[in-house]
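Here the structure is a predicted model, which means the values were calculated and not measured. Along the sequence shown, the residues carry numbers beginning at 1.
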Amino acid sequence: MINWNNMDTLASFQALLKTGQVDLAQVMAGENGAKRVKKYSVPMAAGLVYNYAAKQVDDTVLEGLSKLAEEAQLAEKFEALYNGERINTGENRMVLHQLTRGQLGKAVMEDGVDKREFYVGVQQKIAEFAGKVHAGKIVNGAGERFTTVVQIGIGGSDLGPRAIYLALENWARKHGTLKMEARFISNVDPDDAAAVLDSIDVAHSLFILVSKSGTTLETLTNESFVKDALKNAGLDASKHMVAVTSQTSPLAGNDDYLTAFFMDDHIGGRYSSCSAVGGAVLSLAFGPEVFAQFLEGAAEEDKLAANKDIAKNPAMLDALIGVYERNVLGHLCTAVLPYSQALSRFPAHLQQLDMESNGKCVNRFGERVAYETGPVIFGEPGTNGQHSFYQLLHQGTTIVPLQFIGFKDSQIGTDVTIQGSTSQQKLCANVAAQIIAFACGKSDENKNKNFEGGRPSSIIIGDRLDPKALGALLSHFENKVMFQGFVWNLNSFDQEGVQLGKVLAKRVLAHETDGALKVFSDMLAI
């Protein structure tokens with residue numbers, strides 16, 4: 001039997017509060033540090049490795065975290081989730097994003113429909129459509145091929161797919177699999193749509209409108225912007241647009257679209273990159289085979305997440321260390337620092353994934369919790385960040401746990417050697433140096449140049465960022481967020497916090513305002 005209890009009622013958590021704190025600078029120094037790096041490492045899927053040697057934990061803390069995982073029933077709760085229990089209590093829905101990439105447990109049925117078969121069917125339909133576009137069998141009104149695909153969506157319909165496209169764009173160019181360039185329109189700010197439309201050949205562009213309900217205000221507004229541009233160019237918009245939506249939305253079966261690919265209510269926007277939301281644009285951009293490799297990497301990592309042993313479950317271990325940092329050590333933030341320019345928008349996706357999922361002050365039953373929950377997530381790719389906010393990370397009054405991501409080789413496979421080392425070697429040297437600098441610091445009589453150290457970090461290391469590795473990376477963080485939500489007794493799969501602003505915005509547009517809301521509306525000339 002599964003029990004959903006607040007974290008502060010668990011004996012294992014109370015025991016963790018009494019563990020002595022690890023002196024990170026001491027344990028990471030010298031030969032002991034070298035042994036620690038080799039010891040505190042867990043294999044991930046697709047050749048990735050999660051190394052947590054520079055985290056502020058030791059065997060005693062890890063034993064405590066293992067007991068917390070057991071008492072909080074993390075493995076059992078994940079099993080219940082992938083077997084189709086309605087884990088999303090706020091909306092009374094199943095949580096099925098893992099099912100888009102593989103069957104972890106028993107068949108999940110709804111109204112007589114096997115949901116795995118449903119998702120595979122959608123993927124096959126997308127693959128067939130993409131194949132016809134690439135072969136010139138689906139063309140524009142002039143009988144010419146499409147060369148660009150543009151996704152119109154917001155939130156999870158934009159951040160994840162955009163981050164993944166950017167992560168694989170150069171890889172695809174190098175491997176000859178870039179079928180179409182992709183662009184993204186998300187912000188309701190007209191400057192966003194205008195900038196994209198001005199940068200593409202509209203006549204040879206295919207637009208994907210992504211809205212589960214078919215009523216998302218920002219997305220429909222941008223669709224109108226695009227349709228006006230197509231009309232002004234003398235083009236039939238219905239020959240340039242496809243929809244990704246639910247089967248019950250007004251966009252389904254609508255003659256305004258070449259076709260519609262379906263999603264369902266059991267996959268939240270921030271978890272939807274492996275569904276049709278990401279599948280359509282990524283299959284058109286890179287080809288269905290590349291998207292399939294991406295799903296394969298995610299599926300392999302999902303299997304690891306089902307392991308009850310935290311020493312063999314990198315996502316669960318990462319999650320538990322994060323809980324320890326948040327609720328025992330008292331750290332507010334986590335910085336995601338990919339030493340890969342291809343992952344330039346990955347921190348933004350993880351920001352939504354984490355903060356929208358676990359940015360909650362009430363538990364699954366609507367009761368206020370008496371402990372801290374999700375951290376603030378931010379980040380930029382290295383080495384850019386080193387010349388920006390690393391000053392605070394090294395010497396600021398706030399300690400920020402760090403999550404590095406690095407790869408041994410670049411995506412492009414070509415490089416230059418300057419002063420005895422290649423660009424990639426310089427990049428990797430920087431991330432290695434930062435880990436030790438943050439952990440060990442440097443003593444100096446000049447306090448302005450003194451580094452206290454003791455600043456924890458982990459790193460995920462891979463050979464090269466390719467589709468399988470990216471899928472595994474995405475799965476790792478999705479499952480990490482899920483496990484942390486389980487520990488904190490949250491519903492990580494709804495997002496009521498985004499609704500209030502939308503409601504008030506509609507009042508402003510309808511001129512149904514008073515008080516300060518009316519004054520701000522007048523100041524903005526609405």
Side-chain angles (χ1 to χ4, degrees), residues 7-8 13 16-29 32-33 36-37 40 50-62 64-65 68 317-339 347 350-351 354-355 358-359 371-406 430-444 446-460 477 480-481 484 487-488:
M7 179 183 68
D8 55 0
F13 175 69
L16 272 173
L17 291 173
K18 300 173 184 176
T19 56
Q21 289 194 14
V22 174
D23 185 334
L24 186 58
Q26 183 181 48
V27 299
M28 284 297 290
N32 287 335
R36 185 179 168 91
V37 172
Y40 286 156
Y50 171 65
N51 188 287
Y52 57 101
K55 285 294 191 180
Q56 204 168 348
V57 298
D58 58 14
D59 290 351
T60 300
V61 172
L62 292 170
L65 294 177
L68 178 60
L317 178 58
D318 195 1
L320 289 163
I321 292 174
V323 169
Y324 181 75
E325 290 174 332
R326 188 78 176 99
N327 299 107
V328 178
L329 302 180
H331 301 319
L332 172 65
C333 305
T334 297
V336 180
L337 308 170
Y339 275 62
L350 296 186
Q351 188 176 64
D354 203 313
M355 295 174 71
N358 291 337
Y371 44 82
E372 300 295 333
T373 58
V376 175
I377 304 294
F378 69 96
E380 286 288 333
T383 57
N384 299 38
Q386 292 178 201
H387 296 269
S388 174
F389 51 82
Y390 277 38
Q391 169 61 44
L392 184 148
L393 300 183
H394 276 292
Q395 293 182 304
T397 55
T398 297
I399 292 180
V400 178
L402 314 167
Q403 189 114 43
F404 290 104
I405 303 170
N430 271 278
V431 69
Q434 290 295 331
I435 293 171
I436 300 305
F438 280 117
C440 298
K442 179 182 74 72
S443 297
D444 198 300
N446 181 344
K447 294 304 179 183
N448 194 50
K449 296 182 178 182
N450 186 67
F451 293 78
E452 294 178 352
R455 313 225 164 191
S457 69
S458 63
I459 184 168
I460 295 174
F477 285 104
K480 173 187 176 180
V481 167
Q484 289 185 330
V487 176
W488 289 320

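A search for side-chain contact (heavy atoms from CB on, under 4.5 Å) contacts involving N384 returns Q341, not counting sequence neighbours. Remark: D318 pairs with K480 by the salt bridge (charged side-chain N to carboxylate O under 4.0 Å, His left out) rule, at least two apart or across chains. Take F404 and apply the ring pair (Phe, Tyr, Trp, His ring centres under 6.0 Å) test, not counting sequence neighbours, and it matches Y339. Residues passing the side-chain contact (heavy atoms from CB on, under 4.5 Å) test with K449, sequence neighbours excluded: D444, N446. The side-chain hydrogen bond (donor to acceptor under 3.5 Å, both in side chains) search around S458 returns Q403, not counting sequence neighbours. Here V22 pairs with V27, Q56, D58 under the side-chain contact (heavy atoms from CB on, under 4.5 Å) rule; sequence neighbours left out. By the salt bridge (charged side-chain N to carboxylate O under 4.0 Å, His left out) test, E325 is found to be paired with K55, residues two or more places apart in sequence or in another chain being considered. Scored by the side-chain contact (heavy atoms from CB on, under 4.5 Å) test, D59 finds K39, Y40, L62 as partners (sequence neighbours excluded). A search for side-chain hydrogen bond (donor to acceptor under 3.5 Å, both in side chains) contacts involving N358 returns S492, not counting sequence neighbours. Considering only residues two or more places apart in sequence or on other chains, H331 meets the ring pair (Phe, Tyr, Trp, His ring centres under 6.0 Å) condition with none of them.
Applying the salt bridge (Lys or Arg N to Asp or Glu O under 4.0 Å) test to pairs two or more places apart or on separate chains, those with a residue in residues 326-339 are R326-E372.
For the atom pair T334 OG1 and I321 CD1, the distance stands at 11.5 Å (nearest 0.5 Å).
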Tabulate below the donor-acceptor pairs under 3.5 Å that side-chain atoms of residues 394-402 make, not counting sequence neighbours, or state none.
from, atom 1, to, atom 2, distance (Å)
H394, NE2, Q434, OE1, 2.8
Q395, OE1, Q391, NE2, 2.9
Q395, NE2, N448, O, 3.2
Q395, NE2, N450, O, 2.9

